[in-house]
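The chains referred to below are lettered A, B, ... by the order of the sequence lines, with proteins before strands, and numbering in each begins at 1.
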There are 2 protein chains.
Amino acid sequence: MPDFDPATIRVVACDVFGTTVDWRSGVAGQVAEIFERKGVDLDGGAFADAWRDRYLPAMQRVNRREREWAYLDTLHRESLDELLDEHGVAASFDDADRQRLVRAWHRLPAWEDAVDGLTRLRRRYVVAALSNGGLALLTNLVKAAALPFDCILSAELARTYKPAPEPYLTAAGLLDVNPGEVLMVAAHIWDLDGARDAGLRTAFLARPQEKGPHRTADLATDVTSDLAVTSFRALAEALGC
Amino acid sequence: MPDFDPATIRVVACDVFGTTVDWRSGVAGQVAEIFERKGVDLDGGAFADAWRDRYLPAMQRVNRREREWAYLDTLHRESLDELLDEHGVAASFDDADRQRLVRAWHRLPAWEDAVDGLTRLRRRYVVAALSNGGLALLTNLVKAAALPFDCILSAELARTYKPAPEPYLTAAGLLDVNPGEVLMVAAHIWDLDGARDAGLRTAFLARPQEKGPHRTADLATDVTSDLAVTSFRALAEALGC
C-alpha cells in the first residue's frame with residue numbers, strides 16, 4: 001500500500017450499523033418496548049445481541065451462494081423467527097408483530113458525532129453510506145436520523161454482502177471513481193479487511209460502546225488501516241475538513 | 001386507473017433534467033463560456049438544444065439492445081464528438097476540454113421552487129431522484145444544487161433507460177414498495193407514459209421554459225396524468241404537505 005494522502009480520496013464511504021448509528025441501543029430499546037407490551041419477559045439488550053450474532057453467518061450463506069440473494073430484512077426476519085422459537089415465545093408474536101420487530105433496524109439513533117462530522121466531510125468529499133442494509137432500510141434510517149449523506153449505496157446493488165469485494169467495487173463504479181479513491185470508514189475489522197482487499201483505502205472508527213456493556217468492540221490495536229480515529233469529527237479533522 | 005388518493009403514495013420519484021433542474025440554461029451557459037475561451041463562435045443555447053436532441057435517440061439504441069449498456073456520460077460524450085465534428089470545430093477541443101463539456105451536465109441550477117417543494121414533500125413521503133443520468137452524475141448534481149432528496153436512484157441501476165419499465169420497477173423494488181405506491185413527477189410526457197405503463201401513479205409538472213425561448217415544452221393539455229401542477233410547491237400543496 002502506498003502512503004496515505006487525503007488528496008487522493010474522492011469518496012468517503014461509511015458503514016452504517018455500529019459505525020454511524022448505535023444499532024444496539026436502538027434495537028434493544030424497541031424490542032424491549034414490544035416485549036413489554038406482549039408480556040414477554042426477555043431482556044431487550046440480550047435479544048439484540050443474539051439477533052446481531054446471526055447477521056454474519058446469514059450473510060455468509062448468501063455470499064457462498066448456499067442460497068439465493070436475500071436482502072437484510074429477509075435475513076433479519078428469518079433469524080428473528082428462529083430466536084422467538086428458541087426462546088419459546090413464538091406464539092406471542094403474529095406476522096404484524098414480527099414485521100414491526102424487523103423494522104426496528106430501520107430506525108436507529110446516530111452516534112452523537114455523526115451528523116456534525118459527516119457535514120464537515122461533505123464539504124470536500126462525496127460522502128456515501130455503504131452498508132449491508134437494503135436500500136429501503138437505509139433510506140428510512142438515514143432520513144429518520146437526518147444523516148447528511150450525499151448518496152446511499154447498499155450491498156443490495158451488488159446482490160452480494162460485504163466483506164466480499166463486489167459491494168465495494170460496485171460502489172466505486174457507480175460513483176465513477178477508482179477503488180483507491182474511496183476511503184471506507186468502519187468500526188469493524190472484517191469490513192475494513194474486505195475494503196482493503198478490494199483496493200479501497202481504509203479508516204477505522206472505534207466505537208467502544210457498539211456491542212453494549214457485555215462485549216468488547218473491535219479495537220484500533222487489532223486493525224490494519226490507513227487511518228484510525230474515534231469519531232466522524234476526528235476523521236474530518238484528520239482529512240483537513 | 002383507480003381514482004388518485006395521496007394516502008396510497010409512499011414514494012415521490014422525481015425526474016431531474018428539466019423537471020428539477022434547468023438543464024438548458026445550465027448547459028448553455030457553461031458551453032458558451034468554454035466556447036468563448038476557445039475562440040469558437042457558436043451559440044451556447046443552440047448547441048445545448050442540438051446536444052439534447054441526441055439524448056432520446058441515443059437512449060433508444062441502448063433500450064433496443066442495438067448496443068451494450070452505456071451510461072449517460074458516455075452517450076453525452078459520443079453526441080458531443082459528433083456535434084463538434086459537424087460544426088467543423090473538432091480540432092479546437094482536446095480530450096480534457098471534452099470531458100469538461102460533458103461535466104456541464106453534472107452542475108445545473110435547480111428551478112427556484114425545487115428545494116422548498118422537495119423539503120415539504122419529504123415531510124410525508126420518501127422523495128427520490130429517478131433520472132436517466134448516471135449515479136455519479138446525479139450525486140454531483142444533487143450535491144451542487146443542494147437538492148434535499150432522501151435517496152438518488154438512476155436508470156443505471158436497471159441498465160435500461162426510462163421510458164422502458166425496468167427503471168421504474170427497479171426503483172419501486174429497491175424502495176420496497178409496490179409500483180402503485182410511487183408517484184412519478186416529470187415535465188415530459190414520454191416519462192409519465194412510461195411510468196404509467198409500469199404501474200406507477202403520475203404527476204405532470206409543467207416547465208414552460210425548459211426548452212428555452214425557441215421551443216415549446218410539453219403542455220398539461222397534452223398529458224395524461226393523475227395530477228398536473230406547475231411547481232414542486234404546488235405539488236406539495238396538492239399532496240397536503
Side-chain angles (χ1 to χ4, degrees), chain A residues 10-13 16 69-74 76-77 99 102-103 105-107 118-119 121-131 133-159 170-178 181-182, chain B residues 10-13 16 69-74 76-77 99 102-103 105-107 118-119 121-131 133-159 170-178 181-182:
Chain A
R10 294 173 62 195
V11 171
V12 176
V16 174
W69 166 256
Y71 76 156
L72 190 61
D73 284 350
T74 303
H76 276 154
R77 173 60 185 265
Q99 283 186 37
V102 166
R103 298 269 299 187
W105 293 90
H106 289 222
R107 192 169 278 264
L118 293 173
T119 301
L121 289 164
R122 273 187 87 183
R123 288 183 207 147
R124 181 171 300 186
Y125 302 100
V126 167
V127 182
L130 178 54
S131 164
L135 204 93
L137 178 159
L138 292 171
T139 300
N140 291 337
L141 187 67
V142 164
K143 183 183 179 96
L147 292 164
F149 286 115
D150 289 313
C151 69
I152 299 174
L153 301 175
S154 163
E156 186 180 8
L157 299 175
R159 296 176 77 84
T170 297
L174 287 170
L175 292 176
D176 208 9
V177 297
N178 297 317
E181 294 174 315
V182 181
Chain B
R10 294 172 63 198
V11 171
V12 176
V16 174
W69 166 255
Y71 76 156
L72 189 59
D73 283 351
T74 303
H76 276 153
R77 173 59 185 266
Q99 283 184 36
V102 166
R103 298 270 299 188
W105 294 90
H106 289 223
R107 191 170 278 265
L118 294 172
T119 301
L121 289 165
R122 273 187 87 183
R123 291 183 202 146
R124 181 171 300 186
Y125 301 100
V126 167
V127 182
L130 178 54
S131 165
L135 205 93
L137 178 160
L138 292 171
T139 300
N140 292 337
L141 187 67
V142 164
K143 183 183 179 96
L147 293 165
F149 287 115
D150 289 312
C151 68
I152 298 173
L153 301 175
S154 163
E156 186 180 9
L157 300 175
R159 296 176 77 83
T170 297
L174 287 170
L175 292 176
D176 208 9
V177 296
N178 297 317
E181 295 173 315
V182 181

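The side-chain heavy atoms of A:Glu156 and A:Leu138, taken from C-beta on, include no pair separated by under 4.5 Å.
When heavy atoms are compared at a cutoff of 4.5 Å, B:Val142 does not approach chain A at all.
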**Request:** Kindly determine whether B:Asp73 and A:Asp176 satisfy side chain to side chain contact (heavy atoms under 4.5 Å, CB included), including the steps that lead there.
**Result:** CA-CA 10 Å; B:Asp73 283 351; A:Asp176 208 9; 4.1 Å; yes
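B:Arg107 meets the side chain to side chain donor-acceptor pair (under 3.5 Å) test with no other residue; sequence neighbours excluded.
At a heavy-atom cut-off of under 4.5 Å, chain A is reached by B:Asp150, B:Cys151, B:Ile152, B:Leu153 from residues 146-155 of chain B, listed in order of number.
The CG atom of A:Leu157 sits 6.0 Å away from the CG atom of B:Leu174 when rounded to the nearest 0.5 Å. Between atom NZ of residue B:Lys143 and atom CZ of residue A:Arg123 there is a gap of 11.0 Å, rounded to the nearest 0.5 Å.
The nearest pair of heavy atoms linking B:Ser131 to B:Val16 is CB-CG2, 3.8 Å.
Among the candidates A:Val126, A:Thr139, A:Asn140, the residue making the largest number of heavy-atom pairs closer than 4.5 Å to chain B is A:Thr139.
For the pair B:Glu181 (side chain) and B:Arg10 (backbone), a donor-acceptor distance under 3.5 Å is absent.
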